S.K.: 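Take a look at this one; I'll ask things after.
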Amino acid sequence: MTKKDIFINATFKDNSIWRQILGICSALAVTNLMLNSLIMGLGVTFTLIMANMTISLIRNWTPRSVRMMVQVLIIAAYVIIVDIFLKANMPLISKQLGPYVGLIITNCILMGRAEAFASKNKVFDSFVDGVGSGLGYTIVLLGISFVRELFGFGSFFGFKVLGSWWTNWSIMVMAPSAFFLLAMLIWGVNTYYYKVKA
Amino acid sequence: MDISAFVLFWAAIFTGNILLTYFLGMCSYLSISKEIESAFGLGVAVIFVLIVTSALNWLVYYYILVPFHIVYLQYIVFIIVIAAFVQFLELIIERYTPALYYSLGIFLPLITVNCAILGVGLFMIIRQYNFIQTVAFAAGSGIGWLMAILMLAGIRRKLKEKMVPVGLRGAGISLIITGIMALGFIGFSGIVQIQ
């Protein structure tokens with residue numbers, strides 16, 4: 001596989017969220033505001049890239065029996081870096097994201113990519129895979145949060161775009177809308193992108 | 001925090017359901033909900049692990065991490081405690097109750113990466129619960145999670161013979177059902193608010 005194939009595969013064809021249904025927790029929880037989604041997406045992308053590269057680097061020296069534990073610890077170390085960075089530079093957003101930054105550790109995307117790709121492939125390929133998976137995750141988060149923020153607050157990245165005539169749909173800020181929007185996204189992707197037939 | 005543990009227990013089940021309000025534990029919720037029996041087995045295992053690891057993590061946080069000023073290591077320490085306990089539990093169950101191991105054992109590795117377990121641990125720190133509150137919150141969260149996965153498993157069994165649009169089968173329709181359940185649970189939210 002060329003680098004381009006790996007990238008396209010990770011971002012679109014095997015997108016973690018709509019294809020493999022992984023990492024749903026944070027995709028639903030932080031998507032009520034676009035800014036939070038962007039920061040979360042960047043945090044996950046950073047962790048993915050670094051963890052993928054590290055795991056790939058030590059793949060020949062990791063015993064099979066303890067590899068899960070090693071992978072979790074590597075991921076946790078990078079998540080701590082992300083958390084400390086957010087607390088220091090963006091305390092407000094860090095507070096809004098709350099436990100979901102720490103929960104990147106148990107985000108199935110990280111373990112999934114480590115197990116399925118990084119533990120078997122070269123360092124640079126794993127880097128490309130990390131960038132692609134992170135981008136795919138961020139795109140989905142931004143897509144869902146665009147709809148939720150537009151209808152829920154009438155704004156785009158915090159700027160009011162809909163005027164004073166707009167009545168906020170409070171359902172869009174609450175939990176159920178996240179489930180409905182993600183379901184519709186998966187439905188649309190299955191029908192128009194994978195073209196599944198009965 | 002001066003909410004009584006009793007209130008916290010009920011609030012964790014109904015008004016702030018760990019899955020329907022905070023979206024934690026979605027991965028195993030979507031993949032293990034095809035049959036009621038296995039959903040129940042996983043749910044019971046989650047309740048047990050949740051209560052014990054939350055209590056352990058609370059003790060570790062306030063008696064080791066805080067006195068030694070290494071609070072920033074909490075993520076690594078929490079995940080090690082959870083993974084070690086799950087591994088330990090697996091050994092014990094396999095050694096003494098093989099029957100239980102065959103029905104429950106396959107779910108145990110899944111629990112380490114269940115976000116609900118780590119999520120409750122992080123919530124208890126952010127909201128500054130004391131020990132009793134933590135145990136009550138963990139028990140309530142586990143029961144709430146079991147309830148949600150049992151409801152979905154029951155509905156999915158009925159749904160097997162129904163006509164569902166092809167692209168929506170599997171995860172899609174499960175998410176829509178979960179959304180409707182979450183909508184129903186908003187009705188409880190007026191009873192008590194926990195933050």
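Every value quoted in this text rests on a predicted model; they were computed, and no experiment measured them. Heavy atoms only: backbone and side chains are in, while hydrogens, waters and symmetry mates are out. The sequence lines fix the lettering, A, B, ..., with proteins before strands; numbering per chain opens at 1.
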S.K.: Verify the cluster assignment for V189(A) and Y192(A): are they in a single hydrophobic cluster under the rule of side-chain heavy atoms below 4.5 Å apart?
M.R.: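 No; Y192(A) is not reachable from V189(A) via cluster members.
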S.K.: Are side-chain heavy atoms of P176(A) and I180(B) found at a separation under 4.5 Å?
M.R.: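 No, every pair of side-chain atoms sits at 4.5 Å or beyond.
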S.K.: Is it the case that over 12 heavy atoms from other parts of the model lie below 6.0 angstrom from the OH atom of Y62(B)?
M.R.: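 Enclosed.
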S.K.: Name the region of I171(A), side chain, backbone, both or neither, that has any atom closer than 4.5 Å to a heavy atom of chain B.
M.R.: side chain
S.K.: Of the backbone (N, CA, C, O) and the side chain (C-beta and beyond), which part of D83(A) lies under 4.5 Å from a heavy atom of chain B, both, or neither?
M.R.: side chain
S.K.: Could you state whether F153(A) and M40(A) fall into the same hydrophobic cluster, counting links through intermediate Ile, Leu, Val, Met, Phe, Trp or Tyr residues with side-chain heavy atoms under 4.5 angstrom apart?
M.R.: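 No, F153(A) does not connect to M40(A) through the hydrophobic network.
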S.K.: Tell me, out of L24(B), L19(B), L73(B), who's got the most heavy-atom pairs with chain A below 4.5 Å.
M.R.: L24(B)
S.K.: Could you look at L73(A) and say if it's the side chain, the backbone, both or neither that has a heavy atom under 4.5 Å from chain B?
M.R.: both
S.K.: Do F23(B) and I24(A) have side-chain heavy atoms sitting under 4.5 Å apart?
M.R.: no
S.K.: Could you state whether V66(A) and I58(A) fall into the same hydrophobic cluster, counting links through intermediate Ile, Leu, Val, Met, Phe, Trp or Tyr residues with side-chain heavy atoms under 4.5 angstrom apart?
M.R.: yes
S.K.: Any chance OH of Y194(A) has more than 12 other-residue heavy atoms, nucleotides or ligands included, within less than 6.0 Å?
M.R.: yes
S.K.: Mark yes when over 12 heavy atoms from residues, nucleotides or ligands other than K160(A) sit less than 6.0 Å from its NZ; otherwise mark no.
M.R.: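 Above 12, so yes.
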S.K.: Starting at CG of L175(B), measure out to CG of L181(A) and round the result to the nearest 0.5 Å.
M.R.: 11.0 Å
S.K.: Within the supplied structure, the quantity of interest is the number of heavy atoms (other residues, nucleotides, ligands) at a distance under 6.0 Å from K160(B) NZ; does it exceed 12?
M.R.: yes
S.K.: Measuring from atom CZ of F179(A) to atom CG of L20(B), what distance do you get when rounded to the nearest 0.5 angstrom?
M.R.: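 Result: 6.0 Å between the selected atoms.
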S.K.: Please tell me whether F6(B) and F137(B) are part of a single hydrophobic cluster in this structure, the criterion being side-chain heavy atoms less than 4.5 Å apart.
M.R.: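 They do share one cluster, since a chain of ILVMFWY contacts under 4.5 Å joins F6(B) to F137(B).
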S.K.: For atom OH of Y193(A), is the number of surrounding heavy atoms from other residues, nucleotides or ligands below 6.0 Å larger than 12?
M.R.: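 More than 12 within 6.0 Å, yes.
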S.K.: Please state whether the side chain, the backbone, both or neither of L30(B) comes within less than 4.5 Å of a heavy atom of chain A.
M.R.: side chain
S.K.: Report which part of Y100(A) has an atom under 4.5 Å of a heavy atom belonging to chain B: side chain, backbone, both, or neither.
M.R.: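 Side chain only.
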S.K.: Among I80(A), V72(A), I21(A), which residue forms the greatest number of heavy-atom pairs with chain B at distances under 4.5 Å?
M.R.: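 Option with the top pair count is I80(A).
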S.K.: Please identify, among C25(A), A183(A), C108(A), the residue contributing the most non-hydrogen atom pairs under 4.5 Å to chain B.
M.R.: C25(A)
S.K.: Looking at G23(A), G98(A), A77(A), P99(A), which makes the most heavy-atom pairs under 4.5 Å with chain B?
M.R.: P99(A)
S.K.: First locate atom CD1 of I117(B), then atom OG1 of T106(A), and finally report the distance between them rounded to the nearest 0.5 Å.
M.R.: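 Nearest 0.5 Å value for the CD1-OG1 distance: 10.0 Å.
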S.K.: What part of M69(A) is in contact with chain B, defined as an atom under 4.5 angstrom from a non-hydrogen atom: side chain, backbone, both or neither?
M.R.: side chain
S.K.: CG/L28(A) to OG1/T178(B) distance, rounded to the nearest 0.5 angstrom?
M.R.: 9.5 Å
S.K.: Could you tell me the separation between the CZ atom of R169(B) and the CD1 atom of I186(A), rounded to the nearest 0.5 Å?
M.R.: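 The CD1 atom of I186(A) is 15.5 Å from CZ of R169(B), to the nearest 0.5 Å.
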S.K.: Where on A27(A) is there a heavy atom nearer than 4.5 Å to chain B: the side chain, the backbone, both, or neither?
M.R.: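 Neither part.
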S.K.: Are V131(A) and I8(A) linked, directly or through intermediate hydrophobic residues, by side-chain heavy-atom contacts shorter than 4.5 Å (ILVMFWY only)?
M.R.: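 No, separate clusters.
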S.K.: Does any backbone or side-chain atom of I126(B) lie under 4.5 Å from a heavy atom of chain A? Answer side chain, backbone, both or neither.
M.R.: side chain
S.K.: Given the options A76(A), A178(A), G188(A), S26(A), which has more heavy-atom pairs under 4.5 Å with chain B than any of the others?
M.R.: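 Of the options given, most contacts go to A76(A).
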S.K.: Do L168(B) and N190(A) have side-chain heavy atoms sitting under 4.5 Å apart?
M.R.: no
S.K.: How about CH2 on W58(B), more than 12 heavy atoms from neighbouring residues, nucleotides or ligands closer than 6.0 Å, or not?
M.R.: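 Yes, enclosed.
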S.K.: Taking side chain as everything from C-beta outward and backbone as N, CA, C, O, which of these in M174(A) sits under 4.5 Å from a heavy atom of chain B? Side chain, backbone, both or neither.
M.R.: side chain
S.K.: Can you confirm whether F180(A) is buried at CZ, in the sense that more than 12 heavy atoms of other residues, nucleotides or ligands lie under 6.0 Å from that atom?
M.R.: yes
S.K.: Please identify, among P165(B), A83(B), G121(B), S31(B), the residue contributing the most non-hydrogen atom pairs under 4.5 Å to chain A.
M.R.: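 Of the candidates given, the most pairs with chain A belong to P165(B).
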S.K.: Mind checking the CG-OH spacing from L103(A) to Y75(B)? Nearest 0.5 Å is all I need.
M.R.: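 That separation rounds to 8.0 Å.
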S.K.: Counting only heavy atoms closer than 4.5 Å, note whether I82(B) contacts chain A via side chain, backbone, both or neither.
M.R.: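 Answer is neither: I82(B) stays 4.5 Å or more from chain A.
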